[in-house]
Amino acid sequence: MTGALLSFSAMAVSIRELSRTLGILEILALRSAIGIVVLTALALVRPELRRAIATRHIWLHLMRNGVHFGAQVAWATSITLLPLATVFSLEFTMPAWAALLAAVFLHERLTRSRIGAVVLGFIGVLVIIRPGLESFRPAALMVLAAAFGYAITVTATKRLTRTEATFGIIFWMNLMQLPMNLAGSDPLFWLKLGAPQILPIVGLGIVGLTSHYCLSNAFRAGEATVVVPLDFLRIPLIALVGWSLYGEPLDMFVFAGAALIISGVLWNLRTETVRPAKVRPDAA
């Protein structure tokens, strides 16, 4: 989880630094290209990974990655427009959106705790963005759109994991999103790059993979009741990063709204954890 927390923070800083020279689609194109190079190298070395690329749901991959592409563009753009702590706080509304989408498309039950998470998340959003006041920034709506897009991505990923390997899902994500990003980029954008961009590019390429790798292994090694609360440390960590590197103020409204959103997620998490698991009749 320490690796995941540092990776997400480094990704935000890398995007903000590269945005001084490149457009958002060009930054994301670099990330996808680096990901394809690394994943292809791994597949060449390990035959079982090559088999994991095979898929029977290419259209579901395409839908998932099309939505994820739009969510990534919205999230990365908001990084350049809003304080980092605001972006990360609003991003944590994703579990509430995911609960609603899972109820509609995966026919999962909408329990009282899940409804509570949605309500608290909505109140937390209002505290953070404060619509109608002078402090309201329309770019905050972009983060909410990104969180909703990520929730759709999570719902599609749940469906894909029934038949697809994780490596294959990540490989197709990078392969499909690279042309999407290049379509809106300057064909010669790489000529803009110089020595000052080397460190952010290396950081973007590394943390683009380590963030998901560390987070996945954290969930594999520990229970969700331990891992998820640790993930919320992203908010104070990125707030300190924004304050120290960019002089962003430590907004108490952002922390108050984040606390409401987190409370809803933790309430639902605790309820889901203590609920007895249903055993299929045909289970051994």
Side-chain angles (χ1 to χ4, degrees), residues 1-9 11-12 67-68 71 74-75 78 82-106 108-130 140-158 161 211-212 214-239 251-277:
M1 276 308 296
T2 301
L5 294 173
L6 294 175
S7 295
F8 284 120
S9 299
M11 186 186 303
V67 174
H68 190 257
W75 182 83
S78 67
L82 294 170
L84 298 177
T86 300
V87 175
F88 276 50
S89 298
L90 293 173
E91 185 186 355
F92 274 110
T93 58
M94 189 271 289
W97 298 122
L100 291 175
L101 291 170
V104 175
F105 296 105
L106 300 180
E108 294 184 3
R109 195 158 57 95
L110 199 58
T111 62
R112 185 173 63 177
S113 62
R114 293 176 184 177
I115 295 174
V118 172
V119 172
L120 285 173
F122 178 72
I123 296 173
V125 166
L126 293 179
V127 171
I128 293 173
I129 65 176
R130 304 190 289 284
L141 301 178
M142 192 179 300
V143 188
L144 294 177
F148 185 74
Y150 286 141
I152 296 175
T153 301
V154 167
T155 306
T157 303
K158 282 186 179 181
T161 52
S211 56
H212 296 286
C214 290
L215 193 60
S216 298
N217 279 282
F219 277 105
R220 193 189 312 277
E223 295 182 358
T225 49
V226 176
V227 175
V228 172
L230 287 174
D231 192 28
F232 292 135
L233 290 176
R234 269 198 270 167
I235 295 176
L237 177 60
I238 199 64
D251 191 342
M252 291 300 103
F253 282 100
V254 171
F255 284 103
L260 287 169
I261 296 170
I262 291 171
S263 297
V265 175
L266 291 178
W267 174 22
N268 183 53
L269 176 65
R270 178 171 176 78
T271 304
E272 297 289 335
T273 303
V274 300
R275 180 180 294 122

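For clarity, every value in this text was computed on a predicted model and none was experimentally measured.
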Do Arg130 side-chain atoms and Val127 backbone N/O form a donor-acceptor pair below 3.5 Å? yes
Heavy-atom closest pair (Ile128 atom, Ala258 atom, distance to 0.1 Å) is CD1-N, 3.9 Å
Margin query: Using side-chain contact (heavy atoms from CB on, under 4.5 Å), reason through Ile235 and Phe255 one step at a time and then give a plain yes or no.
Written below: CA-CA 8 Å; Ile235 295 176; Phe255 284 103; 4.3 Å; yes
Which side-chain N or O atoms in residues 84-104 pair as donor and acceptor under 3.5 Å with protein atoms at least two apart or in another chain?
unit_1: Ser89; atom_1: OG; unit_2: Ala85; atom_2: O; d: 2.8
unit_1: Glu91; atom_1: OE1; unit_2: Trp75; atom_2: NE1; d: 3.2
unit_1: Thr93; atom_1: OG1; unit_2: Leu90; atom_2: O; d: 2.7
unit_1: Thr93; atom_1: OG1; unit_2: Trp97; atom_2: NE1; d: 3.4

**Message:** Within the structure provided, determine whether Ser211 and Met11 are in side-chain contact (heavy-atom separation under 4.5 Å).
**Reply:** yes
Using the side-chain contact (heavy atoms from CB on, under 4.5 Å) rule, take Val143 and Leu82 through it: C-alpha gap first, then chi angles, then the decisive distance, then the call. CA-CA 9 Å; Val143 188; Leu82 294 170; 3.6 Å; yes
Working for side-chain contact (heavy atoms from CB on, under 4.5 Å), residues Arg234 and Ser9: CA-CA 7 Å; Arg234 269 198 270 167; Ser9 299; 5.5 Å; no
Scanning both residues in full, the closest heavy-atom pair of Gly116 with Trp267 reads CA-CZ3, 3.3 Å
Between the CD1 atom in Ile115 and the CG atom in Leu120, the distance rounded to the nearest 0.5 Å is 12.0 Å
Q.
Apply side-chain contact (heavy atoms from CB on, under 4.5 Å) to residues Leu266 and Phe232 and explain how you reach the verdict.
A. CA-CA 10 Å; Leu266 291 178; Phe232 292 135; 3.7 Å; yes
The reported gap from CZ in Arg114 to OG1 in Thr271 (rounded to nearest 0.5 angstrom) is 10.0 Å
Nearest heavy-atom approach of Ala117 to Asn268 is CB-CB, 4.2 Å
Between the CG atom in Leu5 and the CD1 atom in Ile238, the distance rounded to the nearest 0.5 Å is 10.5 Å
- prompt: Crowded around Phe148 CZ? As in, over 12 foreign heavy atoms under 6.0 Å?
  reply: no
